[in-house]
Chemist: 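Right, I'll just put the structure down here and ask away after.
Values below: all heavy atoms of this structure, side chains included; hydrogens, waters and symmetry mates excluded. Values in this document were obtained by computation on a predicted structure and should not be read as measured data.
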Amino acid sequence: MVDSVRASLKHRYSSFTEQSPHETLEDPVSLSTLRKLYLTPHSALPHTTDRENITITYQPGALSPYPPVKLLNPIEKKRVLVTGGAGFVGSHLVDRLMLMGHSVICLDNFFTGSKANVAHWIGHPNFELIRHDVVDPILVEVDQIYHLACPASPVHYQSNPVKTLKTGFFGTYNMLGLSKRVKARFLLASTSEIYGDPEEHPQKESYWGHVNCVGPRACYDEGKRVAETLAYSYHRQDNVDVRVARIFNTFGPRMNWNDGRVVSNFILQALKDEDLTVYGNGKSTRSFQYVHDLVDGLILLMNSDCKEPVNIGTQEEFTIDQFAEMVIELVKRATGKCESKLIHMPALEDDPQRRKPDNSRAKERLNWEPKWNVVDGLAETVKYFKIQLEERP
């Protein structure tokens, strides 16, 4: 199945090669440099593992030398704040901004993020890590703010729905207030969840959504909807320079093990040779994009003149059953064995049946299209989780 999917998608990716897909990303970042940062066992810090005593010993200091970063002149070099910067998407964005030569402040309360995701930058003169919760105000002098801070998986955002709503409203309110005060450009990481269980397919940015405002997912859905409202209210009232990215399903290295998302669940279950848990009949569809494509889109949007909301996602649509079968096949290729089967469980409440973006605006306004196909992204993610599992006792 994997080979047939790869072949069917080849025409979409003009620079695709089976041996080395997309060796370069946005200048000056090379994929090989990025891979050294996230395909590293457990942490970028030097360490030794004692499996007999189940201990890990870290060596003093960070990985030496630091990855090379672009040398920018002071006019081009920006001071960038990334909230949620130690999380899955945030840490990849931090990597890219650092390699591009900017000064980066990573802000995170480590609820779902991990210091290990950015440990390779600690001590670098261009990097600063602050432990802080965005529901409380903070004052820093910056030129751009990428506001990603918010738990994004159902397991995490439903564990404390009131806190999720506080993060959606007060966190965004505080970051917009900071943007107003220091005249920084502000990018909100919104979500395809604002469309709810859509009655329009694919979803355009003009679609207002079909959301259950009292359901178990509402704390996240409505939190992001009010965050968008806040952003455009600050723009209209106080002329804050805002950008809004509506992010569709994204996967890749550094996903949390316990976040309950389809990709991480399937890969870990397959690597452990356990049956894959599919909620519902497996016929619902998703469009999964690789994290590098998302980071490309976020950076392009931040540096564009597009103030309207922009969908960032892939056009590749698969049923959950198809996706599970691909994971099983890729794990079998990576490990030589995988006997996992699909087990169907009752569907989750308010789980959308179809989700696919209309990317016309991103293509026209940002000149952005996904470069990675789902097979190559999954293969790299399988490799990441395999390395992580091997490091664990």
Chemist: A quick test of your reading: do over 12 heavy atoms of other residues, nucleotides or ligands sit less than 6.0 Å from NZ of K307?
Modeler: yes
Chemist: Between T33 and L99, does the side chain to side chain contact (heavy atoms under 4.5 Å, CB included) criterion hold? Intermediate values first, please.
Modeler: CA-CA 9 Å; T33 301; L99 293 172; 4.0 Å; yes
Chemist: Any ion pair linking R79 and D143 (charged N to carboxylate O, less than 4.0 Å)?
Modeler: yes
Chemist: Apply side chain to side chain contact (heavy atoms under 4.5 Å, CB included) to T167 and F111, showing your working.
Modeler: CA-CA 12 Å; T167 302; F111 173 54; over 6 Å; no
Chemist: Indicate the atoms forming the closest heavy-atom contact of K224 with C150, along with that distance.
Modeler: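 It is NZ-CB, 4.0 Å.
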Chemist: Same cluster for V295 and L107 if Ile/Leu/Val/Met/Phe/Trp/Tyr side chains link at under 4.5 Å?
Modeler: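 Shared cluster, no.
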Chemist: Report yes or no: does R185 contribute a side-chain atom to a donor-acceptor pair with the main-chain N or O of D241 at less than 3.5 Å?
Modeler: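 Such a contact is absent between R185 side chain and D241 backbone.
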Chemist: Do the non-hydrogen side-chain atoms of S192 and P357 ever get within less than 4.5 Å of each other?
Modeler: no
Chemist: Assess whether a salt bridge exists between R96 and D296, defined as any Lys/Arg side-chain N lying under 4.0 Å from an Asp/Glu carboxylate O.
Modeler: yes
Chemist: Does any N or O in the side chain of T83 come within less than 3.5 Å of the main-chain N or O of A149, such that one atom is a donor and the other an acceptor?
Modeler: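 Yes: the side chain of T83 pairs with the backbone of A149.
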Chemist: What is the distance from atom CE of M255 to atom CZ of F385, rounded to the nearest 0.5 Å?
Modeler: 6.0 Å
Chemist: What heavy-atom pair brings G85 and D108 nearest, and what distance separates the two atoms?
Modeler: N-OD2, 3.5 Å
Chemist: Report yes if some heavy atom in the side chain of S103 is under 4.5 Å from a heavy atom in the side chain of M98; otherwise report no.
Modeler: no
Chemist: Taking atom NZ of K341 and atom CG of D273, what is their separation to the nearest 0.5 Å?
Modeler: 10.0 Å
Chemist: Taking the side chain as every heavy atom from C-beta outward, state whether L271 and K386 have any atom pair closer than 4.5 Å.
Modeler: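 They are in side-chain contact.
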Chemist: Would D321 and T319 count as having a side-chain donor-acceptor pair, cut-off 3.5 Å?
Modeler: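 Checked: D321/T319 side chains show no N/O donor-acceptor pair below 3.5 Å.
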Chemist: Look only at the side chain of R355 and the backbone of G196, and say whether a donor-acceptor pair between them is shorter than 3.5 Å.
Modeler: yes
Chemist: So V291 and T381, do their side chains get closer than 4.5 Å, heavy atoms only?
Modeler: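 No; the side chains remain at least 4.5 Å from each other.
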Chemist: Are more than 12 heavy atoms from other residues, nucleotides or ligands located less than 6.0 Å from atom CG of L139?
Modeler: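 Atom CG in L139 is packed in, count exceeds 12.
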Chemist: Got a second to check how far Y207's OH is from E200's CD, nearest 0.5 Å?
Modeler: 6.5 Å
Chemist: Under a 4.5 Å side-chain heavy-atom rule over Ile, Leu, Val, Met, Phe, Trp and Tyr, are F288 and F88 clustered together?
Modeler: yes
Chemist: Scan R254, K36, R35 and name whichever one has a salt bridge (Lys or Arg N to Asp or Glu O under 4.0 Å) with D95.
Modeler: R254
Chemist: When clusters are formed by joining ILVMFWY residues with side-chain heavy atoms under 4.5 Å apart, either directly or through shared neighbours, do V244 and L298 land in the same one?
Modeler: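 Each belongs to a different hydrophobic cluster.
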Chemist: Could you check whether any side-chain N or O of H147 sits under 3.5 Å from a backbone N or O of L188, counting only pairs where one atom can act as donor and the other as acceptor?
Modeler: no
Chemist: Could you tell me whether the side chain of H92 and the main chain of P253 form a donor-acceptor pair under 3.5 Å?
Modeler: yes
Chemist: Please, which pairs that meet side chain to side chain donor-acceptor pair (under 3.5 Å) have at least one residue in residues 275-284, sequence neighbours excluded?
Modeler: Q269-T277
Chemist: If every non-hydrogen atom of A270 is compared with every non-hydrogen atom of C338, which pair is closest and at what distance?
Modeler: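 Looks like O-SG, 3.6 Å.
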Chemist: Does the plane of the ring in Y173 sit parallel, tilted or perpendicular to the ring in Y234? Use 30° and 60° as the thresholds.
Modeler: perpendicular
Chemist: Where is the tightest heavy-atom contact between G297 and I312, given as atom of each residue plus distance?
Modeler: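 For G297 and I312, the tightest heavy-atom pair comes out as C-CD1, 3.7 Å.
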Chemist: If hydrophobic clusters are built by linking Ile, Leu, Val, Met, Phe, Trp and Tyr wherever their side-chain heavy atoms come under 4.5 Å apart, do W368 and L148 end up in the same one?
Modeler: yes
Chemist: Minimum heavy-atom separation for R361 to C306, with atom names?
Modeler: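 Scanning both residues, the minimum pair turns out to be CD-SG, 4.4 Å.
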Chemist: Between E222 and R225, is there a side-chain N and carboxylate O pair less than 4.0 Å apart?
Modeler: yes
Chemist: Is any side-chain heavy atom of L129 closer than 4.5 Å to a side-chain heavy atom of W121?
Modeler: no
Chemist: Can you name the residues that form a ring-ring contact (aromatic ring centres under 6.0 Å, His included) with F248, not counting sequence neighbours?
Modeler: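 Residues passing ring-ring contact (aromatic ring centres under 6.0 Å, His included) with F248: none at all.
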Chemist: Show the numbers, then the answer: is there a side chain to side chain contact (heavy atoms under 4.5 Å, CB included) between V135 and K163?
Modeler: CA-CA 9 Å; V135 300; K163 179 60 185 295; 4.0 Å; yes
Chemist: Are F318 and V278 grouped together when hydrophobic residues (ILVMFWY) are joined by side-chain heavy atoms under 4.5 angstrom apart?
Modeler: yes
Chemist: Taking C-beta and beyond as the side chain, do K332 and S340 meet within less than 4.5 Å on heavy atoms?
Modeler: no
Chemist: Mark yes or no for whether H102, through its side chain, and K78, through its backbone, hold a donor-acceptor pair below 3.5 Å.
Modeler: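 Judged by distance alone, yes, a pair lies under 3.5 Å.
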Chemist: Going from OG on S190 to CD1 on I247, what distance comes out if it is rounded to the nearest 0.5 angstrom?
Modeler: 8.0 Å
Chemist: Between the main-chain N or O of N359 and the side-chain N or O of N311, is there a donor-acceptor pair closer than 3.5 Å?
Modeler: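 Answer holds: no.
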Chemist: Between H292 and Y38, how do the two ring planes meet: parallel, tilted or perpendicular, split at 30° and 60°?
Modeler: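 Ring orientation, 0 to 90° scale: tilted.
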Chemist: Is a donor on one side and an acceptor on the other found under 3.5 Å between the side chain of Y290 and the backbone of V375?
Modeler: no
Chemist: Taking all non-hydrogen atoms of both residues, which atom of V142 and which atom of I145 are closest, and how far apart?
Modeler: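 That closest heavy-atom pairing would be CG2-CG1, 3.8 Å.
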Chemist: For N249 and R261: C-alpha separation, side-chain torsions, deciding distance, then whether side chain to side chain contact (heavy atoms under 4.5 Å, CB included) applies.
Modeler: CA-CA 10 Å; N249 295 76; R261 298 192 204 190; over 6 Å; no
Chemist: Around atom NE2 of H210, are there more than 12 heavy atoms from other residues, nucleotides or ligands closer than 6.0 Å?
Modeler: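 No - once you tally the heavy atoms of other residues, nucleotides and ligands closer than 6.0 Å, there are 12 at most.
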Chemist: Look at the side chain of D133 and the backbone N and O of D136, then say whether any donor-acceptor pair between them is shorter than 3.5 Å.
Modeler: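 No, because the side chain of D133 does not come within donor-acceptor range (under 3.5 Å) of the backbone of D136.
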Chemist: CZ/R286 to CD/E316 distance, rounded to the nearest 0.5 angstrom?
Modeler: 16.0 Å
Chemist: Nearest 0.5 angstrom please: T335 OG1 to L330 CG, how far?
Modeler: 10.5 Å
Chemist: Is any side-chain heavy atom of I267 closer than 4.5 Å to one of F251?
Modeler: no
Chemist: Can you name the residues that form a side-chain contact (heavy atoms from CB on, under 4.5 Å) with E369, not counting sequence neighbours?
Modeler: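 For E369, the residues satisfying side-chain contact (heavy atoms from CB on, under 4.5 Å) (neighbours in sequence not counted) are K363.
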Chemist: Got a sec: does the NZ of K77 have more than 12 other heavy atoms crowding it under 6.0 Å?
Modeler: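 Above 12, so yes.
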Chemist: As a test of understanding, state which of E193, Q203, E228, E205 forms a side chain to side chain donor-acceptor pair (under 3.5 Å) with R246.
Modeler: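 Answer after filtering E193, Q203, E228, E205: E228.
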Chemist: Indicate yes or no: at least one non-hydrogen side-chain atom of L93 is less than 4.5 angstrom from one of V104.
Modeler: no
Chemist: Would you please classify the geometry between the F323 ring and the F266 ring as parallel, tilted or perpendicular, with 30° and 60° separating the classes?
Modeler: tilted
Chemist: Assess the side chains of Q289 and T250: does a donor N or O sit below 3.5 Å from an acceptor N or O?
Modeler: yes
Chemist: Does the E317 side chain pair with the main chain of K356, one donor and one acceptor, at a distance under 3.5 Å?
Modeler: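 Side chain of E317 to backbone of K356: no pair is present.
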